[in-house]
Amino acid sequence: MDAPHDAYFIRQATTDDAAAVADVWLASFTATYAFPAAHSDDDVRRWIRHEVVPRPETFVAVEHGNGIVGFMSLHDDDVDHLYIRPDRFDRGIGSRFMELAKERRPHGLGLYTFQANDRARRFYERRGFRVERLGNGEGNEEHQPDVRYVWRPAGAESARRDN
């Protein structure tokens, strides 16, 4: 499962990673959004520990000497979570997570992000994700406008039309 890189590697999350994963989520959310999270820090930590980390497809990026600097969780055919510590943005960690997600879901992926997250939107669009629909925030706990993205491998759309 390890994906060696110059400064970090990716592995499956373990229960011992829960506190560090929550730290990444909280730091990234706070640095990215002007609106507050829907839940308290303590609630986020409980949710990460009891729901996110135990999933069989939650992965962490571990930087040599710095611990966990990002995580991704897949659920069904979605990238359910992808968060990078803000001081580690633009270092290829998110790109490697996307490669892993596409390897594990070669027939396609979906995900949501908030419309206000221009950085994430550019990131996903550069990796072949296309807007499927825009939401008004009724479907998320923060009540913020969101966007649903999908990625299909090359040829998947034409093969689907041919059937």
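Just so you know, these numbers use all the heavy atoms, side chains as well, and skip hydrogens, waters and symmetry mates.
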If you compare all heavy atoms of [X] against all heavy atoms of [Y], which two are closest, and at what distance to 0.1 Å?
X      : Y      : value
Arg85  : Ile68  : NH1-O, 3.9 Å
Pro153 : Pro106 : CG-O, 3.0 Å
Ala37  : Trp25  : CB-CH2, 3.9 Å
Ile48  : Ala18  : CG2-O, 3.6 Å
Arg130 : Glu125 : NH1-O, 3.4 Å
Ile84  : Gly94  : CD1-N, 4.0 Å

For residues [X] and [Y], determine if any side-chain heavy atom of one lies less than 4.5 Å from a side-chain heavy atom of the other.
X      : Y      : result
Arg91  : Val69  : no
Thr32  : Arg119 : no
Met98  : Leu82  : yes
Leu111 : Asp78  : no

Rounded to the nearest 0.5 Å, what separates atom [atom1] in [X] from atom [atom2] in [Y]?
X      : Y      : atom1 : atom2 : value
Thr15  : His50  : OG1   : NE2   : 11.0 Å
Tyr83  : Asp23  : OH    : CG    : 14.5 Å
Arg148 : Thr113 : CZ    : OG1   : 12.0 Å
Asp80  : Leu74  : CG    : CG    : 8.5 Å
Trp47  : Ser40  : CH2   : OG    : 12.5 Å

Single-linkage hydrophobic cluster, 4.5 Å side-chain cutoff, Val44 and Val60 together: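 Yes, Val44 and Val60 fall within the same hydrophobic cluster.
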May I ask whether Phe89 and Ile93 are part of the same hydrophobic cluster, defined by side-chain heavy atoms of I, L, V, M, F, W, Y residues being less than 4.5 angstrom apart, directly or through others?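 Yes, Phe89 and Ile93 fall within the same hydrophobic cluster.
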Give the ring-plane orientation class for [X] versus [Y], where under 30° counts as parallel, over 60° as perpendicular and anything between as tilted.
X      : Y      : answer
Phe9   : His64  : tilted
Tyr149 : Phe129 : perpendicular
Phe29  : Phe114 : perpendicular

Verify, without hydrogens or angle tests, whether [X] (side chain) and [Y] (backbone) share a donor-acceptor contact under 3.5 angstrom.
X      : Y      : value
Asn136 : Glu138 : yes
Tyr124 : Trp151 : no
Gln144 : Gln115 : no
Ser28  : Val24  : no
Thr58  : Val52  : yes

Qualifying residue, where the test is side chain to side chain donor-acceptor pair (under 3.5 Å) with His39 and the options are Glu141, Arg45, Glu142: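 Result for side chain to side chain donor-acceptor pair (under 3.5 Å) with His39: Glu141.
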Whether Arg96 and Glu99 form a salt bridge (side-chain N of Lys/Arg under 4.0 Å from carboxylate O of Asp/Glu) is what I want to check. yes
Is any NZ, NE, NH1 or NH2 atom of the basic residue among Asp43 and Arg46 found under 4.0 Å from an Asp or Glu carboxylate oxygen of the other? yes
Walk me through it: do Val79 and Met72 pass the test side-chain contact (heavy atoms from CB on, under 4.5 Å)? CA-CA 7 Å; Val79 176; Met72 175 184 72; 4.1 Å; yes
